[in-house]
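Chain letters run A, B, ... following the sequence lines, proteins first and then strands; every chain starts at 1.
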Amino acid sequence: MNLSVQIGKLTLQNPVMVASGTFGYGVEYAQLLDLNQLGAVVVKGIRLHPVRGNPTPRTVEVASGLINAIGLQGPGVDGFIKKYWPFLKKLKVPTIINIWGTTVDEYAEVARRFDTLGGVGALELNVSCPNIKEGGAQFGTDVKLLSRVVAACRKVTELPLITKMSPNVVSIAPYAKAAEDAGSDALAVTNSYPAMAIDIETRKPKLANVTGGLTGPCLKPIAIKLVWEAAKVVKIPIIGMGGIQNAADAIEFMMAGATAVAVGTANFYEPQTPLQVIAAIREFMQQRDIQDVSEITGSVQTTK
Amino acid sequence: MNLSVQIGKLTLQNPVMVASGTFGYGVEYAQLLDLNQLGAVVVKGIRLHPVRGNPTPRTVEVASGLINAIGLQGPGVDGFIKKYWPFLKKLKVPTIINIWGTTVDEYAEVARRFDTLGGVGALELNVSCPNIKEGGAQFGTDVKLLSRVVAACRKVTELPLITKMSPNVVSIAPYAKAAEDAGSDALAVTNSYPAMAIDIETRKPKLANVTGGLTGPCLKPIAIKLVWEAAKVVKIPIIGMGGIQNAADAIEFMMAGATAVAVGTANFYEPQTPLQVIAAIREFMQQRDIQDVSEITGSVQTTK
Amino acid sequence: MLEQTVQIVSNERDTDSHFRLVVRASRIAPLIQPGQFAHVRVLPMKDAVLRRPFSIFQVEGDTFSILYKSVGKGTEVLARMGPGKELSVIAPLGHGFTVPKRGGETPLLVAGGYGMAAMYLLAQRSPQKGIVFVGGRRHVDILCEKEFQALGWDVRVTTEDGSHGEKGLVTKPLQAELKRSTARRKLFACGPTGMLKAVGKIAEESRVPAELSMDEHMCCGVGVCLTCVIPVKAGDGWEYQRTCTEGPVFDSRKILWEIAK
Amino acid sequence: MLEQTVQIVSNERDTDSHFRLVVRASRIAPLIQPGQFAHVRVLPMKDAVLRRPFSIFQVEGDTFSILYKSVGKGTEVLARMGPGKELSVIAPLGHGFTVPKRGGETPLLVAGGYGMAAMYLLAQRSPQKGIVFVGGRRHVDILCEKEFQALGWDVRVTTEDGSHGEKGLVTKPLQAELKRSTARRKLFACGPTGMLKAVGKIAEESRVPAELSMDEHMCCGVGVCLTCVIPVKAGDGWEYQRTCTEGPVFDSRKILWEIAK
Ligand SMILES: Cc1cc2nc3c(=O)[nH]c(=O)nc-3n(C[C@H](O)[C@H](O)[C@H](O)COP(=O)(O)OP(=O)(O)OC[C@H]3O[C@@H](n4cnc5c(N)ncnc54)[C@H](O)[C@@H]3O)c2cc1C
Ligand SMILES: Cc1cc2nc3c(=O)[nH]c(=O)nc-3n(C[C@H](O)[C@H](O)[C@H](O)COP(=O)(O)OP(=O)(O)OC[C@H]3O[C@@H](n4cnc5c(N)ncnc54)[C@H](O)[C@@H]3O)c2cc1C
Ligand SMILES: Cc1cc2nc3c(=O)[nH]c(=O)nc-3n(C[C@H](O)[C@H](O)[C@H](O)COP(=O)(O)O)c2cc1C
Ligand SMILES: Cc1cc2nc3c(=O)[nH]c(=O)nc-3n(C[C@H](O)[C@H](O)[C@H](O)COP(=O)(O)O)c2cc1C
Ligand code: FES
Ligand code: FES
């Protein structure tokens with residue numbers, strides 16, 4: 001039985017990774033689970049310089065979901081390399097680094113830095129964070145800017161590039177195509193959806209940043225549709241995410257067209273989720289005599 | 001204490017209506033609640049001719065939500081007038097008729113027919129149904145088409161026009177502005193969000209139509225943000241909807257900028273919801289010595 | 001149709017994963033007709049947005065009962081609720097069976113699984129006794145056989161694995177019975193769609209009338225959402241009619257099986 | 001830090017809407033340090049995506065307990081769970097209080113509401129007894145007073161409505177005590193942010209060290225999500241540090257109250 005999947009030139013031992021921003025820099029969860037059993041570790045978004053992030057409150061729980069406006073707090077490239085890379089580079093599974101910038105040049109510069117670092121599994125271009133004024137979603141909702149960001153990173157690195165798509169578009173197809181055409185090796189679908197909650201007692205937004213990004217089970221039906229639509233127009237693999245809580249959810253994403261999946265918000269509730277998902281995908285395959293996990297990908301039967 | 005609100009030239013005794021498609025033609029729920037206590041009754045979408053709608057299954061329950069792909073089944077203008085209007089016209093509260101078409105001309109023709117009918121409270125232009133191939137969302141996600149639909153209806157009727165907005169846009173602001181500029185008297189924010197679910201046992205989509213529209217509590221944080229953003233750019237009133245289950249939800253929409261609200265999916269679970277919301281808004285106002293419900297509208301305190 | 005908050009009188013396991021739930025619903029109970037259903041809001045089911053529909057099984061004084069199978073999140077939560085706990089119920093709903101008249105056709109009831117529950121009131125209120133054909137996969141799927149016998153009806157059991165009654169599908173003894181005599185009969189059926197379709201075909205071939213209680217996925221249960229439709233002949237063509245309102249019981253000749261999935 | 005599925009030993013009402021929950025957690029209990037917390041997954045809370053953090057109150061053998069107030073959906077569901085029911089717990093979490101050394105500064109504990117619970121282990125494990133200042137709005141908000149007295153500590157109660165102890169805020173007797181003598185003292189505080197801020201200011205003015213356990217909204221509880229940050233002096237400037245990891249206990253001099261909301 002084969003669970004391994006291919007993301008560009010990167011081979012993952014199984015299709016289950018964790019979602020950027022929900023797994024810190026890996027080290028924090030190392031006491032609770034064996035990271036070496038994951039498909040890959042994906043770290044929190046990093047730009048060139050350290051970032052303080054937004055004031056608090058930064059998250060709020062809603063019906064079957066979470067809204068966050070962390071604001072991409074992070075140590076910057078140097079801080080990350082100093083503080084977290086010594087731990088991560090020793091892992092047996094690949095580390096995927098989620099990167100961002102406020103200009104096309106910054107994206108490229110961060111990509112270049114990680115290219116030269118050596119040992120990085122892949123780069124995930126976050127062009128879809130709804131929680132920062134500059135950078136983030138502005139790149140993911142403008143087809144031309146998106147192409148430029150991907151192309152600029154493509155120029156400076158041979159590392160597999162994963163473009164993390166914004167769900168906040170009329171149709172994902174042109175964006176997916178643009179990322180593929182500009183040289184992306186895979187798509188991550190999807191980032192969080194712009195959302196807001198108000199405390200009716202204080203009449204204040206529940207997040208200091210006023211708005212944030214919605215994630216968790218409530219987002220799954222939207223994300224499934226986006227994966228299905230993106231899979232119809234691109235040949236590169238898709239990493240599906242948005243509300244995965246168990247293997248059934250993960251398999252649903254794969255049937256819609258995802259080659260791999262990532263567990264995000266569910267980690268907060270149950271850090272064992274990614275490992276439980278891996279075990280249960282294996283069981284699903286055994287029960288149905290599925291030899292290769294790739295048989296699941298895109299297997300939904302639709303007439304459309 | 002004043003609960004009444006104004007939607008164009010239409011006065012509602014209170015700000016709580018029901019959402020189109022979740023309340024049939026009013027008559028069905030008449031045995032369970034006193035319709036005359038509502039702000040308004042909003043009926044299921046009607047086009048010129050009878051419509052069969054999509055094959056089944058047409059709805060599926062998801063985490064804190066529902067996906068539907070009814071496909072706007074309906075009796076057409078004549079069927080509606082014959083079958084349901086005799087009942088509705090006797091109500092003491094206004095009936096708002098949700099209309100649609102597959103061309104700009106059809107929208108206008110339906111509007112004209114209801115204009116001449118007499119006694120209609122307002123027309124709600126559904127330019128945002130994700131479940132039909134032609135018409136619906138295509139009008140709501142294209143600013144120019146949206147303007148044309150609204151303007152064409154404006155020409156043929158003096159009835160208050162409510163434009164029902166699609167959530168599936170990068171930013172709602174230009175669409176909201178376009179609807180206002182083209183003569184809309186109010187906006188309804190928001191319709192359902194495109195979504196999908198797959199049965200992993202059968203590998204088939206859970207809806208015969210493959211995709212559908214997501215509604216219910218899971219949509220609320222997205223809808224609140226859309227109302228807040230639309231309210232910043234238009235002067236016309238907004239009718240907020242998306243996952244309202246109780247008065248706290250309704251008040252959250254109003255604080256975000258809504259003048260009135262509509263209860264949708266929650267009717268299926270609890271048909272008393274609209275009346276419970278009205279009672280609890282009254283209580284909320286009493287406890288806080290709020291004299292006019294309009295004081296709640298847009299009262300969220302943000303620095304943005 | 002009424003909405004009432006009702007108290008659970010009892011909620012006990014029947015066979016296997018089937019449970020019998022009795023609720024006190026003084027205003028609803030007297031209104032119930034055979035073949036109607038109740039739309040139940042299971043209050044502790046937190047992230048759900050829908051009620052769950054169940055056929056009404058028995059009516060006794062100010063109580064009614066349902067016979068349900070625990071198959072998913074709603075019924076699993078329900079199965080853990082004890083006496084005294086509250087449910088919200090909208091009932092009675094839908095258009096039920098036509099109760100046979102004395103001296104009319106002999107009623108032949110055909111039931112699969114919990115379809116049996118939907119037919120108890122029909123058997124009880126029919127002045128004319130008849131035969132109940134009941135089928136299931138295994139012995140545990142044969143519900144309330146004793147109750148029908150106690151009403152004085154002839155109960156013919158089939159199971160697919162032969163663990164109880166005759167081995168085979170419920171349609172086998174039904175067809176045999178229809179061939180056996182030419183007396184005037186009428187079929188009443190409730191069960192899985194495949195079975196209903198087979199019964200419809202048999203009725204057509206045997207030229208006996210049949211009323212079928214359709215099992216369609218529901219949402220509102222009261223006719224507003226248009227989820228539960230089936231294609232039904234109308235005028236020269238056909239239209240989608242609501243299982244929750246025009247049904248669940250339809251005259252089998254009106255159903256367009258070719259169009260229904 | 002461990003994740004363990006634990007069984008409820010008891011879960012009983014204390015005063016008003018406060019409850020005491022004891023769980024058997026053999027692997028976690030021995031690891032717990034004063035001021036640490038447990039991140040609890042209330043399994044029957046269906047549409048929730050977060051755990052709920054609670055300070056660890058007492059440790060006894062292979063059990064630990066929390067003292068919680070029922071304030072919202074998680075704690076309401078929790079309050080209805082009886083002995084034998086399971087919870088998933090990640091604990092012990094966070095950086096706790098520095099346990100006073102024999103012969104060192106006299107510990108002065110300042111607590112508001114459930115902050116009292118977070119300090120029990122500190123008092124119990126401190127070789128040096130001191131004074132506990134505890135405040136609340138009403139008598140029912142004063143929790144576990146007896147437990148602290150049983151440890152031989154001097155407990156000074158204040159309530160805002162004067163229904164128990166001295167009338168006023170907890171800072172009043174604290175300030176009086178600090179003025180009364182010049183002995184070396186150290187403050188340890190846990191409670192609402194307003195109280196912590198006031199204690200921090202008093203500590204600064206009186207030039208006594210203070211450790212404050214910060215009450216920040218949490219999400220992951222283990223340092224990955226960056227929800228729970230507070231502004232802390234670092235180098236020449238400041239940075240956001242995580243209450244769940246670098247805290248919840250911080251040296252009061254490091255906290256930048258101007259920037260924290
Ligand atoms: C008119 C009518 C009468 C019914 N009478 C009975 C009865 O007497 N006893 C009984 O046990 N059941 C009856 N059912 C079926 C019952 O409504 C479903 O079993 C129940 O809604 C499942 O709820 P759940 O939350 O446990 O399952 P879910 O978690 O919602 O779903 C579990 C599985 O059940 C399927 N399912 C969900 N809803 C329905 C539905 N409406 N019909 C068929 N399958 C469904 C799902 O597709 C899924 O495969 C009836 C249904 C209808 C429409
Ligand atoms: C380190 C730490 C230790 C704590 N120790 C205790 C304790 O010993 N005993 C105790 O009763 N409580 C303690 N709390 C607070 C406790 O976590 C919250 O009361 C609980 O999460 C509320 O959950 P709920 O689902 O009942 O409320 P919800 O329905 O989630 O919310 C109800 C209300 O509580 C507020 N709230 C939610 N989460 C928090 C939070 N993390 N902090 C403060 N307010 C919150 C909400 O804003 C809302 O107003 C502690 C919190 C932290 C961060
Ligand atoms: C607290 C939090 C922080 C996140 N930070 C990042 C980030 O730094 N970069 C990024 O690309 N996505 C980030 N995301 C988005 C997730 O990676 C993921 O796309 C999203 O949460 C959907 O998956 P889920 O529903 O399983 O959480 C973050 C999500 C959350 C909840
Ligand atoms: C079953 C169903 C049918 C609907 N039909 C219509 C419709 O005919 N016209 C329309 O404008 N909106 C329709 N809607 C959208 C609702 O009016 C409303 O905008 C949406 O459901 C969000 O509100 P809610 O989350 O409270 O349900 C429908 C929604 C549902 C669930
Ligand atoms: S279930 Fe809504 S119309 Fe039948
Ligand atoms: S709660 Fe997630 S970092 Fe502290």
Side-chain angles (χ1 to χ4, degrees), chain B residues 18-33 41 43-45 50-75 79 204 206-208 212 214-219 243 245 264-273, chain C residues 1-5 27-28 31 39-43 45-53 72-74 87-94 193 214-232 234-235 237-246 256 258-261:
Chain B
V18 291
S20 175
T22 68
F23 213 76
Y25 305 96
V27 59
E28 299 87 349
Y29 273 130
Q31 281 182 62
L32 293 181
L33 54 117
V41 169
V43 300
K44 172 79 187 158
V51 179
R52 255 189 201 135
N54 292 325
T56 58
R58 288 178 167 186
T59 55
V60 54
E61 194 183 46
V62 292
S64 298
L66 183 76
I67 319 181
N68 88 79
I70 305 297
L72 289 169
Q73 178 177 338
K204 290 201 179 126
K206 287 189 175 175
L207 297 175
L214 184 65
T215 64
C218 61
L219 194 65
Q245 289 187 291
T265 304
N267 292 316
F268 302 149
Y269 200 79
E270 184 45 74
Q272 307 302 330
T273 308
Chain C
M1 183 201 323
L2 283 174
E3 182 172 0
Q4 199 181 341
T5 300
R27 295 190 299 130
I28 290 170
L31 306 174
H39 214 22
V40 180
R41 180 177 177 191
V42 183
L43 296 154
M45 189 173 44
K46 282 263 171 64
D47 63 356
V49 296
L50 298 182
R51 289 172 178 255
R52 300 294 191 263
K73 64 179 188 173
L87 294 167
S88 164
V89 165
I90 302 179
L93 292 172
T193 305
M214 302 297 287
D215 188 358
E216 266 301 318
H217 185 81
M218 284 184 186
C219 176
C220 73
V222 299
V224 303
C225 76
L226 307 174
T227 288
C228 62
V229 298
I230 62 165
V232 170
W238 64 273
E239 63 185 21
Y240 276 125
Q241 286 188 5
R242 298 164 298 183
T243 304
C244 68
T245 308
E246 283 85 23
L256 277 165
E258 320 80 81
I259 292 165
K261 19 93 252 200

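Considering every non-hydrogen atom in both C:Val229 and B:Thr56, the closest pair reads O-CG2, 3.4 Å. When all heavy atoms are compared, the tightest approach of B:Ser64 to C:Val49 is C-CG1, 3.9 Å. When all heavy atoms of B:Leu32 and C:Leu2 are compared, the pair lying nearest together is CD2-C, 3.7 Å. When every heavy atom of C:Val224 is checked against every heavy atom of B:Thr22, the shortest pair comes out as CG2-O, 3.6 Å. Nearest heavy-atom pair across C:Cys225 and B:Ile70 is O-CD1, 3.1 Å.
Looking at B:Val27, there are no atoms closer than 4.5 Å to chain C (heavy atoms on both sides), in backbone or side chain. Contacts between C:Val42 and chain B at a heavy-atom distance below 4.5 Å involve the backbone alone (N, CA, C, O).
To the nearest 0.5 Å, atoms CG (B:Asn54) and OH (C:Tyr240) are separated by 8.0 Å.
Inter-residue side-chain proximity for C:Arg52 and B:Glu61 is flagged as met; some heavy-atom pair is nearer than 4.5 Å. Side chains of B:Pro271 and C:Val222 form no contact here, defined as non-hydrogen atoms less than 4.5 Å apart. B:Asn68 places none of its side-chain heavy atoms less than 4.5 Å from the side chain of C:Thr227.
By the side chain to side chain donor-acceptor pair (under 3.5 Å) test, B:Glu28 pairs with no residue at all, sequence neighbours left out.
Between C:Arg41 and B:Glu270 there is a salt bridge, with a side-chain nitrogen of the basic residue lying less than 4.0 Å from a carboxylate oxygen of the acidic one.
With B:Arg58 contributing its side chain and C:Leu226 its backbone, the two residues share a donor-acceptor pair below 3.5 Å.
The candidate with the highest count of non-hydrogen atom pairs below 4.5 Å against chain B, out of C:Ser88, C:Gly221, C:Cys220, is C:Cys220.
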